[in-house]
Amino acid sequence: YIGFFLMVFVIIGIYYIGLKKKFSIVISIFGMLGFILLFYHFKVEIVIPYARALMYLYVLFAIVFGAGVFYSNGEVSNVQVG
């Protein structure tokens, strides 16, 4: 159940990063998720090997998770980011 809890913060981070018009991180996450879903569904590896795509996706999830935790805090209105 901890994975669902962590994914909530990842989704919050994706939302707030999208609001800041930083679409490169959001597009990269969805692109790598697309590669992973292609592998699971068709067992086909296109461009990026499966294991490397997972590694880079986890790194991006860590960045977005940090943003989600930061923005879910109630005192965000006092802090200037980016």
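Quantities reported herein were computed from a predicted structural model and do not represent experimental measurements.
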Novice: With sequence neighbours excluded, tell me which residues meet side-chain contact (heavy atoms from CB on, under 4.5 Å) with Phe4.
Specialist: Tyr1
Novice: Go through the structure and list residues passing side-chain contact (heavy atoms from CB on, under 4.5 Å) with Val69, not counting sequence neighbours.
Specialist: Phe9, Phe65
Novice: Grab the two heavy atoms, one from Ser28 and one from Leu60, that are nearest each other, plus how far apart they are.
Specialist: CB-CD1, 3.7 Å
Novice: For residues 15-34, which residue pairs qualify under ring pair (Phe, Tyr, Trp, His ring centres under 6.0 Å), counting only residues two or more places apart or in two chains?
Specialist: Tyr16-Tyr71
Novice: Should Ile27 and Val59 be counted in the same cluster of Ile, Leu, Val, Met, Phe, Trp and Tyr side chains packed under 4.5 Å apart?
Specialist: no
Novice: Taking all non-hydrogen atoms of both residues into account, name the closest pair between Ile17 and Ala67 and its distance.
Specialist: CD1-CB, 3.9 Å
Novice: Suppose we screen for side-chain contact (heavy atoms from CB on, under 4.5 Å). Which residues come up paired with Phe61, at least two apart in sequence or across chains?
Specialist: Met7, Val10, Ile29, Leu57
Novice: Rounded to the nearest 0.5 Å, how far apart are CD1 of Ile14 and CG of Leu19?
Specialist: 12.0 Å
Novice: Through direct or indirect side-chain contacts below 4.5 angstrom among Ile, Leu, Val, Met, Phe, Trp and Tyr, which residues connect to Ile11?
Specialist: none
